[in-house]
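Below is one structure, written out as structure tokens; comments come after it.
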Amino acid sequence: MEDEAEIYANGSASAAAETPRRRPIISGEQLDIEAYAALYSGRTKIMRLLFIGERCDNVSMQMEALRMAYDEIKKGENTHLLREVVQKIDGRLGPNYGPDSCWADAVDRRADQRKEKLENELNAYRTNLIKESIRMGYNDFGDFYYAHGALAEAFKNYVRTRDYCTTPKHIVHMCLNAILVSIEMGQFTHVTSYVSKAEQSPDVVDTVTSAKLRCAAGLAHLEGKKYKLAARKFLETAPELGNNYTEVIAPQDVATYGGLCALASFDRTELKSKVIDNINFRNFLELVPEIRELIQDFYTSHYASCLEYLGNLKANLLLDIHLHDHVETLYDQIRNKALIQYTHPFVSVDLRMMANAFKTSIAGLEKELEALITENQIQARIDSHNKVLYARHADQRNATFQRVLQTGGEFDRDARAMLLRACLLKHEYNLKASRKQH
Amino acid sequence: MGGGMNLNMNSAESLVAQILGLSGGSAKDLAHLHHLLKQSDDLLLSSDSPPASLLSQLDPSVHSLGYLYILEVCTSGPISKEQSGEVALLIARFIEACKADQICLAPDKFISVCKRFKDQVLLVEAPIRGVAPMLTAVRKLQTSSEQLTALHSDFLLLCLLAKCYKTGLSVLEDYIYEVDQPRDFFLYCYYGGMICIGQKQFHKALELLHNVVTAPMSAVNAIAVEAYKKYILVSLIHFGQFSTSFPKYTSSVAQRNLKNFSQPYLDLANSYSTGKISELESCVQTNKEKFETDYNLGLVKQVVSSMYKRNIQRLTQTYLTLSLQDIANTVQLKSSKEAEMHVLQMIQDGEIYATINQKDGMVRFFEDPEQYKSCQMIEHIDSSIQRVMVLSKKLSTMEEQMSCDPLYLSKVGRERHRYDFEDLDSAPHKFNI
């Protein structure tokens, strides 16, 4: 009897016993913005901070993010972004965080000079027709525009270098630049196409570059809501990535994005072979223990604990510049997967126990199950009176008879309709032919 | 007989004599008589003696062909309302009595007489008087049960007006494969569809309406537009959904235009797909006038009640037991009493399998008890197989015929020629016309 109870609870009892050990969920608490920002560099760091400043409800966190964004912008040359962040700060951080027009003017002046210099250089290279120099010239222009926030111009110049690439290595370099700008612009179709272009010369691509390309492709798939493909890409990412791609992604993100996408889209065996037994990916997972734990919980059917981890992480994930749009969908899919897996091995399931395992009410659970049954994701029926879910074994024989009769009927109907249409066409054609004769 | 043939045809009397003489004879005699009759239209019109008096000398069951010609002349003039009943009776008697093999020599005359008959019964507002004679007329005119005659649509119209749906169905049960006039076909399918709707045979109705909507057409016609509207409504009632995309064989004219004429209906289908009664009801309210002027409001009401049914049916997929109150809540019925009525009706109609426990207000749903083991079922399956076999044989004959049709081949050959030369060379034996 006791055993049975444990089976029904599906491990929630043992999970409860272990909870004290698992309790501390670090990133479930308020986001440590400084630590978070330290993971990134370049433009994405600023954009991520601005995103937090925009989305966060907590005013002190908001100000903290904006302050750090301001400081970060001052280190660069993007006066446009400075104006933007100053507008957002709106004087709330004191006189030190105002529109520093001195700085802005100086930067703009320097930019004009630099641009003129670059133009002259490029013109000189072009008259001399030295391919490599022209490529460098365009590349410098790309860098220049990127630093000043003119992303479309930057993209154009980076892509222009393509005509002057002489080695496959140059092409890969060009692709990486194009990918970087495209990600910042949110143009993920470009990302996909430049990733595949870069992967066409595999012998030149080293492990780090290849890991970068995997991440970029993963992001593109994530953006396109193709979670399974995204998961595959992130899972294939080599641990050599390390902190080499901080201008786009941190290794922690690889674990989070890959882990969540995998949970939402993989089946049990795939989850085991491609995530849990994946030695490469384990390196990433170690960086975000909560994700590692919740994947483990999911696999060992400790759904309550898994869902708890997810619930705690949610607030912070919603502040992620790439993941925020997909959090709800991924969470729904993971929850549905959990519900399906829970019911799968049983002939009958007590809804009270199941509701307990998922920390929800019976009525709520009934609604969720109803939706899943309607979508034919769970083959079962609910005994609402006794609060029991009974598995339903589709009778193959009956279903086959039904299908055969239906198909026969359809064939019959379609064939007759076709004969009739042929008859009408023939009539029309004969009519035309007879008209022609007269 | 030889002497009779050379007789001078100068009076109606002598024509009657010819009819009397030749009607009972061989096929050759009949052909000769037909030839004479064809030339005697003017003679009959200008005759001194009224054609009606000529008719009295003939027996419609023996001299059908001659009778038909004279009857046609008789009824061609204007007929006063007082005479209508009488004329209708005269034609009805003729239809009952005439010989099929004789009237089939002059189908056009027969069709025009029968159409006048229909006009007359409608004029005296007694469509029911026309149903039985018209059915006989259809059967006598048909050379095979697969042929669509020009009288089919008139017969179905009379059935509709007289509400004799069952009689109409008896004709619709025959499979039609031979069609001469597209217009006859369109009307046949449209009226046929309406009759099936009247008998709640939605499956058959859909098939007929589908035929109209997807038929080849070079210009939009009112029949197709009205058929499309009804097609949308019946699809919703029968399947609970409607796909706005046409099958690819639909004429481009229909694909381009039908939707423009049926926006309120498409809106209705859209609101149906939300599964929410309130949205459907409000859509019905907004377009009520339009539905009313189209005479479709009754069908629209059936659409609304089908949604309750559909929602209850969905519950049977999900639940083993559910209280009446819960059913009422989920499908937005006002009370558990109303839910009970719906469930009861659906059990009666065989749409769900369930029992109601009135003591605690619980409904217990069952699976379809059909086990596909009964003799009846096996007979049904067997007959389906037979039907499909016949059909498949028909398809191959049809294909054979078509691949021997010179018109078809010359058209295909020409088009092939235009597109690819090599292909033609590799199969010259196919196109040696």
Side-chain angles (χ1 to χ4, degrees), chain A residues 348 363 366-376 378-395 397-434 436, chain B residues 146 148 175-182 185-186 189 203-204 206-207 210-211 214-218 247 249-251 314-323 326 330 357 360 362-365 367-368 370-373 377 380-381 384-385 387-388 391-392 394-395 398 402 405 407-408 410-411:
Chain A
S348 65
E366 232 173 73
K367 284 279 160 255
E368 279 183 275
L369 288 172
E370 188 188 320
L372 287 171
I373 296 171
T374 314
E375 287 162 28
N376 206 19
I378 293 180
Q379 284 76 37
R381 295 211 293 181
I382 303 166
D383 183 344
S384 167
H385 188 54
N386 301 316
K387 303 295 173 203
V388 179
L389 182 78
Y390 287 103
R392 180 184 197 178
H393 295 287
D395 188 327
R397 184 176 170 277
N398 285 2
T400 310
F401 269 110
Q402 214 174 351
R403 278 260 301 287
V404 166
L405 281 174
Q406 196 186 341
T407 312
E410 273 164 20
F411 170 77
D412 189 23
R413 198 190 58 216
D414 292 348
R416 277 188 288 113
M418 189 185 68
L419 285 171
L420 277 168
R421 284 197 305 277
C423 198
L424 287 171
L425 282 175
K426 191 174 164 191
H427 170 83
E428 194 186 354
Y429 187 73
N430 287 346
L431 209 67
K432 265 190 212 155
S434 66
K436 250 181 230 165
Chain B
E146 295 181 355
L148 182 76
Y175 294 137
I176 294 292
Y177 295 111
E178 294 163 37
V179 181
D180 287 333
Q181 285 299 324
F185 176 70
F186 277 69
C189 289
H203 193 76
K204 178 94 183 155
L206 274 177
E207 185 184 332
H210 181 89
N211 283 345
T214 59
M217 55 180 107
S218 45
Y249 47 75
T250 315
S251 67
R314 194 168 300 142
L315 291 177
T316 67
Q317 304 291 312
T318 325
Y319 287 98
L320 271 173
T321 59
L322 197 62
S323 71
D326 280 345
T330 354
N357 185 347
D360 53 5
M362 288 303 275
V363 181
R364 173 166 279 275
F365 298 117
E367 303 263 351
D368 183 353
E370 178 62 63
Q371 289 295 310
Y372 298 92
K373 281 175 184 161
M377 184 44 77
H380 172 64
I381 293 170
S384 296
I385 293 172
R387 210 178 56 227
V388 171
L391 189 63
S392 124
K394 189 156 194 76
L395 277 175
M398 187 93 170
M402 205 171 282
D405 187 333
L407 270 174
Y408 170 73
S410 66
K411 186 175 158 65

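Hydrogens, waters and symmetry mates are skipped; everything else that's a heavy atom, side chains included, is used. Every chain is numbered from 1, with letters handed out A, B, ... down the list of sequences.
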From A:E370 CD over to B:Y319 OH, what is the distance, rounded to the nearest 0.5 angstrom?
-> 4.0 Å

Please examine the side chains of B:K394 and A:L419, heavy atoms only from C-beta on, and report whether any two atoms are closer than 4.5 Å.
-> yes

By a 4.5 Å heavy-atom criterion (distance strictly below it), what part of B:T330 contacts chain A: side chain, backbone, both, or neither?
-> side chain

Please tell me if the side chains of B:N357 and B:V363 come closer than 4.5 Å, counting only heavy atoms from C-beta onward.
-> no

Non-hydrogen atoms of chain A under 4.5 Å away: do they reach the side chain of B:D180, the backbone, both or neither?
-> backbone

Kindly confirm or rule out a cation-pi arrangement of A:R416 over B:Y175, judged by NZ or CZ under 6.0 Å from the six-membered ring centre and within 45° of its axis?
-> yes

Heavy-atom contact with chain A under 4.5 Å, split by part of B:E370 | backbone

Residue B:M377 versus chain A: region with a heavy atom under 4.5 Å = side chain

Are there residues of residues 399-407 of chain A that reach to under 4.5 Å of chain B by heavy atoms, and which ones?
-> A:F401, A:Q402, A:L405

Quick check: are there more than 12 heavy atoms from other residues, nucleotides or ligands sitting under 6.0 Å from NZ of A:K426?
-> no

Sort B:H380 into side chain, backbone, both or neither according to what part of it lies under 4.5 angstrom from a heavy atom of chain A.
-> side chain

Counting only heavy atoms closer than 4.5 Å, note whether B:Y372 contacts chain A via side chain, backbone, both or neither.
-> both

Counting only heavy atoms closer than 4.5 Å, note whether B:E367 contacts chain A via side chain, backbone, both or neither.
-> both

Taking only residues two or more places apart in sequence, or in another chain, which ones meet B:R387 in a side chain to side chain donor-acceptor pair (under 3.5 Å)?
-> A:D412

Under a 4.5 Å heavy-atom cut-off, does chain A meet the side chain of B:L315, its backbone, both or neither?
-> side chain

Does A:R421 make a cation-pi contact with B:Y249, if we ask for NZ or CZ under 6.0 Å from the ring centre and within 45° of the axis?
-> yes

